[in-house]
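In what follows, every chain begins at residue 1, and chains take the letters A, B, ... in the order their sequences are listed.
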Protein chains: 2
Amino acid sequence: MAKNIRDIAKSAGVSVTTVSKVINNKPYVSPKTRARVEQIIRDEQFIPNHTARGLVKGKSKTIGMFLTTGLTHPFFSKVLVGLENALKNTGFDLLYLVQIDWNPEYSLVQHCMSRNVEGVLIFGFQKNDLNFEEIIQSDIPTIFIDLDFIGPHAGYVTSENIESIKTAVQYLYKLHHHKIAFVNGHLDSYVGKQRFEGYRRAIQELGLLYFPEYISFGDFTKESGYTAMTAFLQLKDRPTAVVCSSDMIALGVMEAAVEAGLSIPQDLSVIGFDDIEISQHTQPALTTIQQDFLTLGDQSILLLNDMINMPNSPPPALIVPTKFIIRNSCAICSQVVND
Amino acid sequence: MAKNIRDIAKSAGVSVTTVSKVINNKPYVSPKTRARVEQIIRDEQFIPNHTARGLVKGKSKTIGMFLTTGLTHPFFSKVLVGLENALKNTGFDLLYLVQIDWNPEYSLVQHCMSRNVEGVLIFGFQKNDLNFEEIIQSDIPTIFIDLDFIGPHAGYVTSENIESIKTAVQYLYKLHHHKIAFVNGHLDSYVGKQRFEGYRRAIQELGLLYFPEYISFGDFTKESGYTAMTAFLQLKDRPTAVVCSSDMIALGVMEAAVEAGLSIPQDLSVIGFDDIEISQHTQPALTTIQQDFLTLGDQSILLLNDMINMPNSPPPALIVPTKFIIRNSCAICSQVVND
DNA sequence: TTGTAGGCGTTATCAC
DNA sequence: GTGATAACGCCTACAA
């Protein structure tokens, strides 16, 4: 059933060497011979065996991928589409490496090496989830998504987080908001840290006062948005605008506000992050920062591919731009402003 | 750097055979020798090379997976978590096989064979997306998710679709609804067909009249729900309840209804399908059919594993139960009912 | 209980 | 231009 290069050689009446040359488009084979061999390959539906090829070449045409266990990243499938697009042009397949977390001797690097993967993608983790040091220092090309590790053969790709939040805060400031709250996700996540930094800087650069009560940390969910807004409403001087670290948070914030009798955007302006599908359909439609997940995935593979082909190139650090989508959840601040 | 079995043999002062036996837990090795070799393996951080092993054994400890191009399945990441759980106990890694769709000679089976995958998972496709016949007839163990193909070594896993929809319709009937509409997804998708069949049967078994105007086909999105409901509202005898083939559809239906001045559930009862996160937070919270994506993923791997280990077992066809979640989007029909 | 040698399917080196 | 043949790292008869 399964044919090999020797069968083809026999059928064509040539040596395996010649067949190999044909398969790999190498020179030193006469046009006639090449044509004949190619014909036979087609007839017999022969495909060279990756495994054997991998063994002799030490490569596998495979990129490994580690995901966080029990994957919670809500946009993984979108990133995957980007990965797939880029992968199609490279000839790589993508091997999802299953971490054996109950084995204390388990090692990412060894897993990669035993599988001969040519590069690795690491996604969905926080910095302390695993010991990444080993792989960062290894010579396996590695790209982290949303985690800013850099090593001799390791780089990262992430969305523009700091500037995006700054843009949002500045936008609200232009609408005369001075009491701008921020509802973040986990502060121990990379994106959480970055976005908080964006908020901090914006407040500072605009000369606004920094109120710790205006800052809330949660977990990117609707619930944590609801909780945060509920707390803001207890304040004697509540914020007039809220920047959120995810659209889900924004939904929770809006719900709590509406339940408390506020109308949006008249009484409260809200900005989200991500631009999930539902955000265009909320009442009012949510102003938000759109992440470009496709590009995130796409570029991860392209950069990895470059690292594989040019092992001595410097490690990449790519910030993918976001897009500020203005809808109807923000309005000019209704409170009197003293300038 | 990369060690091999021969290095270990040398360090341990034994032959490669002995090392191989130790690695594979085979008998005929003295306890002392075994201990010594194991120690060295640990010290040198040796891991046997999958590729070489795959070559000689014709197996790869790899399960292949085909996803639809530009993956649109909204719950893929949940299914993936299930896959991962089961995978951890099997020692398989999961190879995402990238289809080269611009190559007319591309063949799923050949891709699998060249990669030596031991089994294949096929997910997110509709029946005519690709020529699956070849792989169904091949002797590569194959599991389809949400696609009812059966072959000598091919089976499938899917959620309970027919009975779920029947349950929903029956529930509405008990609330005295007789004018029950159905907003479906694509009829050419497997789940679309099944769910429509469930609706048809329920209507028939309950002795209700079948109104073609009460049935709408769309694409599982909120928009298609909105469109469908808008059309229902034009009818002179509009439905009093709507069963939807996805929660997103249900959201669209509710939006259109509310905009038209109806209140839910007083004037219109709505049931969704999937139980996405947002459904607990809608106003009112959505009654829906919860899919068990984790089990879907989990069982796919377990069944595949069985097929790999017992090639002669009959092909599986597993229907994963759903759960009817009653929230607040349904009420007793307000229209007078003639019995 | 241990070791030797051949082979898995392919590529690469070097003669012819 | 073409064809033997030795790797690649591992497993497994078979011999010792």
Side-chain angles (χ1 to χ4, degrees), chain A residues 1-38 40-41 44-62 91 93 110-118, chain B residues 1-38 40-41 44-62 91 109-118:
Chain A
M1 185 65 234
K3 319 193 177 316
N4 63 30
I5 200 174
R6 247 181 320 258
D7 298 328
I8 302 299
K10 204 165 296 172
S11 301
V14 297
S15 73
V16 294
T17 310
T18 304
V19 177
S20 179
K21 282 177 188 156
V22 171
I23 292 169
N24 296 288
N25 281 314
K26 296 243 170 119
Y28 303 118
V29 51
S30 76
K32 295 164 208 160
T33 313
R34 187 180 296 271
R36 182 157 41 97
V37 172
E38 278 172 344
I40 300 215
I41 287 177
E44 315 238 337
Q45 306 215 57
F46 167 75
I47 284 211
N49 181 302
H50 261 96
T51 310
R53 190 179 275 183
L55 181 58
V56 49
K57 309 238 298 190
K59 315 194 159 194
S60 57
K61 276 318 213 175
T62 304
D93 284 320
Q110 289 188 33
H111 197 165
C112 290
M113 300 214 323
S114 88
R115 286 291 192 173
N116 276 344
V117 302
E118 299 187 45
Chain B
M1 184 64 233
K3 318 194 179 316
N4 62 31
I5 199 175
R6 243 177 330 250
D7 297 328
I8 303 299
K10 203 165 297 171
S11 301
V14 298
S15 74
V16 294
T17 311
T18 304
V19 177
S20 178
K21 282 178 187 156
V22 171
I23 293 170
N24 298 287
N25 281 312
K26 295 247 170 112
Y28 303 119
V29 131
S30 76
K32 295 164 208 159
T33 314
R34 187 180 296 273
R36 184 157 38 97
V37 173
E38 278 172 345
I40 302 219
I41 285 178
E44 315 239 339
Q45 306 216 58
F46 168 74
I47 283 211
N49 181 302
H50 262 94
T51 309
R53 191 178 275 185
L55 182 58
V56 49
K57 309 240 298 190
K59 314 194 159 194
S60 57
K61 277 318 219 174
T62 303
V109 173
Q110 289 188 32
H111 197 165
C112 290
M113 301 213 324
S114 88
R115 286 290 193 175
N116 277 345
V117 302
E118 299 187 44

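- Here C:dT10 presents its P atom at 14 Å from CZ of B:Arg115, a figure rounded to the nearest Å.
- For A:Asn4, a side-chain nitrogen or oxygen approaches OP1 or OP2 of C:dG9 to under 4.0 Å.
- What separates CD1 of B:Ile8 from P of D:dC10 is a distance of 9 Å, to the nearest Å.
- The side-chain heavy atoms of A:Met113 and B:Ile47, taken from C-beta on, include no pair separated by under 4.5 Å.
- Side-chain contact of B:Arg53 with A:Ser114: a donor-acceptor pair under 3.5 Å is absent, judged by distance alone.
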Check: protein-nucleotides 3-6 of chain C nitrogen or oxygen pairs below 3.5 Å:
residue, atom, partner, partner atom, Å
C:dG3, OP2, B:Ser15, N, 2.7
C:dG3, OP2, B:Ser15, OG, 3.2
C:dG3, OP2, B:Thr18, OG1, 3.2
C:dT4, O4, B:Thr17, OG1, 2.4

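- Residues A:Ile23 and A:Ile41 meet the side-chain proximity criterion, which asks for heavy atoms closer than 4.5 Å.
- Note: CE (A:Met113) to P (D:dG9) measures 11 Å, nearest angstrom.
- Separating the NZ atom of B:Lys61 from the P atom of D:dC11 is a distance of 13 Å, rounded to the nearest angstrom.
- Residues A:Ser20 and A:Thr17 have side chains that never bring a donor and an acceptor to within less than 3.5 angstrom of each other.
- Atom CZ in A:Arg53 sits roughly 8 Å away from atom P in C:dT10 (whole-Å rounding).
- Against DNA chain C, the stretch residues 26-38 of chain B makes heavy-atom approaches under 4.0 Å through B:Tyr28, B:Val29, B:Ser30, B:Thr33.
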Checklist entry - Could you walk me through whether B:Arg115 and A:Thr62 pass the side chain to side chain contact (heavy atoms under 4.5 Å, CB included) check? => result CA-CA 10 Å; B:Arg115 286 290 193 175; A:Thr62 304; 2.8 Å; yes

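- Using a 4.5 Å heavy-atom cutoff, the side chains of A:Asn25 and A:Arg34 are in contact.
- The phosphate of D:dC11 (OP1 or OP2) has a side-chain N or O of B:Ser20 nearer than 4.0 angstrom.
- A donor-acceptor contact shorter than 3.5 Å is absent between the side chain of B:Asn24 and the backbone of B:Lys26.
- The interatomic distance linking A:Lys59 (NZ) with D:dA7 (P) rounds to 21 Å, in whole Å.
- Look at CG on A:Asn24: it is 7 Å from C1' on C:dT11, rounded to the nearest Å.
- If you check the side chains of A:Asp93 and A:His50, you find no donor sitting under 3.5 Å from an acceptor.
- Atom NZ of A:Lys57 is separated from atom C1' of C:dT11 by 7 Å (rounded to the nearest Å).
- Annotation for B:Lys61: atom NZ counts as buried by contact number, over 12 foreign heavy atoms lying within 6.0 Å.
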